[in-house]
Amino acid sequence: MGLVKLLKNAEVFSPKPVGKKDILIVGNKIAVVESDISVNVPDLDIINASGLIAIPGLIDTHVHFLGGGGEGGFSTRTPELDPRDCIVNGVTTLVGCLGTDGITRSLDSLYAKAKALEECGLTTFIYTGSYRVPPVTFTGSVQRDIVLIDKVIGVGEIAISDHRSSQPTYEEILRIVADARVGGMLSGKPGIVNFHVGAGRKGIEYLFKIAEETEILIQHLYPTHMSRSKKLFEEGLRFCELGGVIDITALQPFEKEENFGPVDALVMAYENGLIDAVTISSDAQGSLPVFDDKGNMVGFKVGSVAALLHTVKLAVEKGLPQELILKTVTLTPAKVLRLKYKGKIEKGYDADIVLMEDFHIKWVISKGKFLMVEGNVVEPFKVM
Ligand code: ZN
C-alpha cells in the first residue's frame, strides 16, 4: 500500500461519536477527519468502510509480554505474547511487565520482546522491576532505567497486599515512587508505578498515605487488579475522587463474572460519575489458576489481550454508553501514559485505527500500517 490512505464512510468513535466520516491517513498520522474527502494523489489506497465503526487502536497498560505464572512450579510458566493476538484483538499499544517471576524472566528479554513487537508494527513500552522490592533493574536504579532506557516509562508491577509480594514497607514503596517521579521528570516520561494489588486486607492503604502525606502527585500511582473485590473497588473509587486513575483487569472470554468483576466495576464507576478515572488492561499471558470444588489448584489458563474488547462489549451490552467505555481502553490509558498522539481519531494523532462491525474486527491500522486487512492478519514481518 502507498503512503496515503483514505477510509471512506466510517462511523467514527473518537472515542466520542462524531458521525460518519472519511479518514485520511498520510504516513503514520491521521491527516484529516471530515465528510466527503476527495484527494488527488498517485497511489492513493481507498478503503470502503461503510457499515463499519472506527475506533482508536486499543491501549493495554499491563501485559506479560514474556508470559507469567510459575507459581505452581516450572510447568506452570505461561507462553510469551504472539503479536498476531494483539492484531486480531485490535490492541495497537501495549506496556509490558515481568510479574511474580523476576528470576527466570529478565528485563533484558522483556526489552527485546518489546522491540520485536514494535518491529511487527505495534507501539510498545515496558515497566522496569517485577513484583519484588527492591525492584530488579537494568542499570541498578529505577531512576536511571527510566531516564536512560528508551522503552521504560515507569516501574511495575510492584506487588502490594499480596501473599506473593516481598512484603514491602511503606518507606520502600515511597522511595520507588519518588524515584519514578523524578526519573519521569528528567526524561519527559510518565514515571508511573503500576501496583499489583492483591487480596490482602491493607488494599491500597500505602497509596492513600502517599497521596495524602507527601507532595508526590497522585498520577504517579497506578494500581491494577482493582476490581478483584467490591471492597477494593470502593477503595479505588475513593482514590479516583482524589484525582487518581485506577486500572481493572478485563474479563477473559472463557471466564464468568462471579461475585464481583470488571463489568460490575464499570457499572459502579459509571453510576458514581468516575468512569473517566478507570482504565481496563488485559493482564494477558498471565496465568489464571483453575481450582476444584475443594479449592485445590487443578490447572491454569492463560490470559489473552482478547479480554479487552470482550469486556468493553459486555459493558456496552449492560447498557453503558459505548463512548465512555471505549475511553477506558483508548483515551484514558493514553493520558495515564502521557501519549499525546494516541487514544483519539483526530487530525495529528497517530494513525492507530480499528474498523469493526458489531465488535468483529475487520481492519487494524497501526501507525499508518495495515496489520489486518478484511479480517486477515498481514504477516507481521511483511507489513504493508
Ligand atoms: Zn498482577
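Whatever order the structure lists ligands and atoms in, that order sets their numbers, starting from 1. Just the heavy atoms: all of them, side chains too, but no hydrogens, waters or symmetry mates, feed the values below.
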Output the distance between atom CZ (F138) and atom CD1 (I149), rounded to the nearest 0.5 Å.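 Those atoms lie 5.5 Å apart.
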
Any cation-pi pair here, K209 with Y170, using under 6.0 Å and within 45°?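 Judged by the rule, K209 and Y170 form a cation-pi pair.
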
Could you enumerate the protein N, O or S atoms under 2.8 Å from the Zn ion (ligand 1), written like residue then atom name? E157 OE1, H196 ND1, H225 NE2

Taking the six-membered ring for Trp, is the centroid-to-centroid distance between H62 and H225 below 6.0 Å? yes

With sequence neighbours left out, what residues match A49 under side-chain contact (heavy atoms from CB on, under 4.5 Å)?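 Result, side-chain contact (heavy atoms from CB on, under 4.5 Å) vs A49: A10, L52, L355.
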
Note: E255-K301 ion pair, threshold 4.0 Å (strictly below): no

Presence of salt bridge, E317 and K313, under 4.0 angstrom: yes

